[in-house]
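Quick note on labels: first sequence line is chain A, next is B, and so on, each numbered from 1.
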Amino acid sequence: MTWTRIETLGESPDGLFEEALRGLAFDAADRLLAVGDTELLVLETSAGSRSRHPLEVLPTAVTTHGDSIWIAHPSGVVVLGLDGGPQDAWDDPVRLGRVTDLAVGDSGIYLADAASRRVQRYSLAGEFLNEIGDHHRKGGFHIPNGAIDLAMDGDGRIVVANPGMHRIERYRPDGEMVDRFGHFDGVDPAGFGGCCNPTNLAVMPGGTIVVTEKAGPRVKVYASDGTFQEIVAQAADFAPTAANMVVAVDSAGRIAVADPSRRTISLYRETKGTAP
Amino acid sequence: MIETHGAAEGVTRREVLRTAARGTAIAGLGGLSLFLGVKAHGTVAWEIDAERCINSRLGAVGVEICDACATDCVLPLSAIRAINHHDECGRCYVCPAYFQIRSAVGPDGLPSQKLCPRDAIRREAIGWIDPDDPANNFYEYVIDDELCNGCGRCVMACKEPAGLGSIRLEVRHDVCLDCNRCSISEACPETAYTRREVDA
């Protein structure tokens, strides 16, 4: 099997946002949601339609759960309906300094806080529950990139990128580590290269983990047990300076990858054939 | 009257010329003293602009390393050094400025080759050290001032997005001869090496 780029959205010189593209997700209907600048962009790729929803916060990440769109900002979340209408908002500026990603499930809201270098878990009502990553003797996740990225898998586990240790770690909601995989290797693509990779990840419905790396930018997939499968995209598809490339997957297994330098989103699908 | 007048006029012209020459000399000496004074007190010196230097300039990715600072200084060991600003360093387990990160991985799980051709960077685990899991430590990278020649390789490797850009080339003013016509400045392809005011 190999991966093919379907299209790149926003390939004009201006990109999809004026200043920054920070977050990416698919909703249950496989609409592509992107946040950047101070707005939410909803793209229905099949219909080719786009709608923009202004936000009163600086959005850093987006996800969906139930009939809501959850958007993180540096110290909290805002919740919108699927039509973009406001539903709820709360923040915790004492505990949260720089939220860079979020995941939401029935077990709670998981906010990746780069300031504390830990994941902060809250109830869906916004009550603080526990931390994830506080057991690390480094004080938290090692994130020279300045961002923590996470996802929730089909079993409700929290999958976190720990780039400074070249690992992916899986946790139970209460913060206990389940397992981990990954190692440094600057030659073999099965390993994670550079100083600090992978930077971002997403989990497919079947448990396959998609990761992105920086310097040089590339996208790879790993089986749920951590076995390297293949490279989805390499440096030629992205700006050489691209880093912290957020990634999302839809129900059909398509992969969307953001290029923050160009403020574009590339879509990939798996096709039959042999990788070059 | 004519003689007297002529003699008086001649003396006056000579005096005027002498005074003018004296004034010019004093002014020249004053300017020279001022220049030497400023130079001696170090308020104007050769400096590298990190935002112009191609080794450290953001966005200059995939370009050739410039080693003019190492090769063009008149001193046997260049007056330029790579300086790691530790407050900006990520203290990474695998530092791309220390390791040749594309080299084969050795039995210890680390790249088998170092980047610095003069082995001028020292790597040391710091803090509460985990002896069983080396990736679980922070590392300090110290550049040896006596070995570094300012070639810029580590600077380029540390630059974003590969690193955090904590290593930059800087002039060691206690070593620099402060030449009026600096050969590095003349060789610098980015006009990043210029004489600028610095803190005394």
Inset, instruction - Return the option, out of Lys159(B), Glu160(B), Arg102(B), with the maximum number of heavy-atom pairs under 4.5 Å with chain A. - result: Arg102(B)
Legend entry - Non-hydrogen side-chain atoms of Tyr93(B) and His166(A) separated by less than 4.5 Å: yes
Inset, instruction - State, to 0.1 Å, how close Gly109(B) and Phe184(A) come at their nearest heavy-atom pair, and which atoms those are. - result: O-CD2, 3.7 Å
Legend entry - Ala162(B) versus chain A, the contacting section by heavy-atom distance below 4.5 Å: both
Inset, instruction - Flag the one option from Gly59(B), Pro111(B), Pro96(B) with the top tally of heavy-atom pairs under 4.5 Å to chain A. - result: Pro111(B)
Legend entry - Side-chain donor/acceptor of Arg137(A) to backbone N/O of Asn137(B), under 3.5 Å: no
Legend entry - Residue pair Pro240(A) / Val61(B): nearest heavy atoms and the distance that separates them: CB-CG1, 3.9 Å
Inset, instruction - Against chain B, work out which of Gly164(A), Gly146(A), Gly194(A), Pro163(A) has the most heavy-atom pairs shorter than 4.5 Å and name it. - result: Gly194(A)
Inset, instruction - Measure the CG-NZ distance between Asn136(B) and Lys138(A) for me, rounded to the nearest 0.5 Å. - result: 6.0 Å
Legend entry - Ile129(B) versus chain A, the contacting section by heavy-atom distance below 4.5 Å: backbone
Legend entry - Neighbour count >12 (heavy atoms, 6.0 Å) for atom CD, Glu18(A): no
Legend entry - From Asp185(A) atom CG to Leu110(B) atom CG, the distance as rounded to the nearest 0.5 Å: 11.0 Å
Inset, instruction - Report the C-alpha distance between Phe138(B) and His142(A) in whole Å, list the side-chain angles of each, state the deciding distance to 0.1 Å, and finish with yes or no for ring-ring contact (aromatic ring centres under 6.0 Å, His included). - result: CA-CA 9 Å; Phe138(B) 287 115; His142(A) 191 184; 4.9 Å; yes
Legend entry - Within 6.0 Å of CD in Glu51(B), more than 12 heavy atoms from elsewhere: no
Legend entry - Contacting region of Lys214(A) [heavy-atom separation from chain B under 4.5 Å]: side chain
Legend entry - Toward chain A, the part of Leu164(B) with a non-hydrogen atom under 4.5 Å: side chain
Legend entry - Salt-bridge present (Asp133(B), Arg167(A); N to O < 4.0 Å): yes
Legend entry - Neighbour count above 12 (heavy atom, 6.0 Å) for Glu64(B) CD: no
